[in-house]
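Pasting in a structure now, in structure tokens, and then I'll have a few things to ask.
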Amino acid sequence: MVESKELQVKEKQEVETSAEQTTAGLVFTPEVDIFETDKDITLLADMPGVSPDDVSIDLTDGVLTISGDVKPWEGAEESDVLVEFNIGKYYRQFTLSDVIDQDKIEAKLDNGVLRLILPKAEKALPRKIKVTAG
Amino acid sequence: MLTRNLFGVPYTGWQNPLAELNHMVRRMDQLTNAFFGRDVRRLAMPKVFPALNITEDEDKYYIRAELPGVKPDDLKLEVTGKSLSIAGERKIQPESDNARYHRREREAGKFSRAVVLPGDVDADNLDAKLVNGILTITIAKSTATQPKQITIK
């Protein structure tokens with residue numbers, strides 16, 4: 001268990017570069033955890049407000065792109081009383097060093113957290129080479 | 001940024017002398033955003049997690065927070081008078097022992113926050129839901145403070 005400290009407010013980071021937007025609205029960088037085991041690479045991304053249908057994951061030439069669309073969840077009739085965070089889409093790209101088995105990529109979105117499992121391709125798995133005496 | 005310090009930070013209470021000014025600023029933002037097609041709202045800097053957006057319509061207050069990965073069981077909401085408190089814990093389950101981390105940006109921890117709503121509320125008429133990591137609390141405004149339609153005979 002991770003030790004339980006007090007959570008601090010972090011300002012959402014707007015995406016700074018690249019990917020010219022064709023639609024209006026803010027784009028944020030989701031916070032991620034990435035870890036690797038011998039078999040796969042797992043990526044966890046916080047994308048609050050994104051429903052499973054609105055996530056898109058793309059892996060081309062070793063570049064992984066995750067993006068999530070957010071549908072406005074506030075009613076049009078509502079007027080602001082206090083605004084502390086903005087609502088926007090999510091976008092982030094990663095370069096992967098390992099060869100990924102594209103057919104076996106798994107993704108699920110649970111309560112605003114994306115969990116993406118990228119299995120390494122067979123040839124990228126570390127292989128034990130047996131040395132025989134002779 | 002200077003403007004943010006001027007308009008964002010001093011959210012000391014609802015009797016804020018800058019409230020009216022804030023409202024004007026927001027209105028101007030809305031106009032500029034409508035022109036440039038960006039839905040950017042000037043933010044009050046939150047000091048305590050989680051950051052909240054509070055909106056209202058005629059008969060309800062809507063309080064929203066982004067709490068990705070927080071389970072409903074780990075959240076505690078309380079309404080006392082006009083004050084609403086949100087407390088809970090965000091847990092991140094440990095992964096397998098031989099996981100080697102490349103990035104670790106997501107944080108786990110406890111949080112607790114109370115806000116005072118601008119008007120009286122009907123604590124019995126409350127609804128809270130957690131969908132896609134967004135907590136939405138809907139509280140009905142107390143009927144005593146709602147404007148009453150008076151029909152003239």
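A note on names: the letters A, B, ... follow the listed sequences, proteins ahead of strands, and every chain is numbered from 1.
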### Message
Going by the rule side chain to side chain donor-acceptor pair (under 3.5 Å), which residues pair with B/Glu107 if we only count those two or more places apart in sequence or in a different chain?
### Response
none
### Summary
Minimal heavy-atom distance between B/Pro68 and A/Val113, with the atoms involved, is C-CG2, 3.8 Å
### Task
Considering non-hydrogen atoms only, spot the tightest contact between B/Asn132 and A/Pro52 and give its length.
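Taking every non-hydrogen atom into account, OD1-CD, 3.9 Å.
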### Message
What part of A/Leu44 gets within 4.5 angstrom of chain B, counting heavy atoms only: side chain, backbone, both, or neither?
### Response
both
### Query
Is there a path of hydrophobic side-chain contacts, each under 4.5 Å between heavy atoms of I, L, V, M, F, W or Y residues, that connects A/Val55 with A/Ile105?
yes
### Message
Let me check something: do A/Leu59 and A/Ile66 share a hydrophobic cluster, defined by ILVMFWY side-chain heavy atoms less than 4.5 Å apart, either directly or through other members?
### Response
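Per the 4.5 Å side-chain linkage, A/Leu59 and A/Ile66 are co-clustered.
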### Message
Please check this pair: side chain of A/Asn111 against backbone of B/Val131, looking for a donor-acceptor N/O pair closer than 3.5 Å.
### Response
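No, because the side chain of A/Asn111 does not come within donor-acceptor range (under 3.5 Å) of the backbone of B/Val131.
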### Message
Ignoring hydrogens, what is the shortest heavy-atom contact between B/Glu56 and A/Val81? Give both atom names and the distance.
### Response
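Between these two residues, the closest heavy atoms are CG-CG2, 3.7 Å.
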### Pairing residues for B/Tyr62 by the ring-ring contact (aromatic ring centres under 6.0 Å, His included) criterion, not counting sequence neighbours
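In terms of ring-ring contact (aromatic ring centres under 6.0 Å, His included), with neighbours along the sequence ignored, B/Tyr62 is linked to no residue.
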### Most chain A-contacting option - heavy-atom pairs closer than 4.5 Å, from B/Asp57, B/Ile134, B/Thr136
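Result: the option with the highest number of such pairs is B/Ile134.
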### Query
Can a salt bridge be assigned to the pair B/Glu66 and A/Lys10 using a cut-off of 4.0 Å between side-chain N and carboxylate O?
no
### Message
I'd like to check B/Thr55 versus A/Asp80 (side-chain heavy atoms, cut-off strictly below 4.5 Å). Are they in contact?
### Response
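B/Thr55 vs A/Asp80: side chains touch.
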### Query
Of the non-hydrogen atoms in A/Val9 and B/Phe49, which two are nearest, and what is the gap between them?
CG2-N, 3.2 Å
### Contacting region of A/Glu36 [heavy-atom separation from chain B under 4.5 Å]
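Contact with chain B: backbone and side chain both.
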#### Entry: Among A/Ile41, A/Asp38, A/Thr37, the one residue meeting side chain to side chain contact (heavy atoms under 4.5 Å, CB included) with B/Arg100
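Of the listed options, the one satisfying the test is A/Asp38.
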### Query
Shared ILVMFWY cluster between B/Leu117 and B/Leu77, side chains joined below 4.5 angstrom?
yes
#### Entry: Nearest atoms (heavy-atom pairs only) where A/Phe85 meets B/Ala65
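Looks like CE2-CA, 4.0 Å.
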### Task
Is it possible for you to say whether B/Ile86 and B/Val48 belong to one hydrophobic cluster, with membership spreading through side-chain heavy-atom contacts below 4.5 Å?
no
### Query
Looking at A/Asp110, A/Leu43, A/Val50, which makes the most heavy-atom pairs under 4.5 Å with chain B?
A/Val50
### Message
Report which part of A/Val32 has an atom under 4.5 Å of a heavy atom belonging to chain B: side chain, backbone, both, or neither.
### Response
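Both backbone and side chain of A/Val32 come within 4.5 Å of chain B.
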### Message
Shorter than 4.5 Å, heavy atoms on both sides: which option in B/Arg103, B/Arg106, B/Arg64 has the most such pairs with chain A?
### Response
B/Arg106
### Message
Between B/Arg90 and A/Glu31, does the salt bridge (Lys or Arg N to Asp or Glu O under 4.0 Å) criterion hold? Intermediate values first, please.
### Response
CA-CA 14 Å; B/Arg90 184 180 184 204; A/Glu31 281 173 6; 5.4 Å; no
### Query
Between B/Glu105 and A/Arg92, is the closest basic N to carboxylate O distance under 4.0 Å?
yes
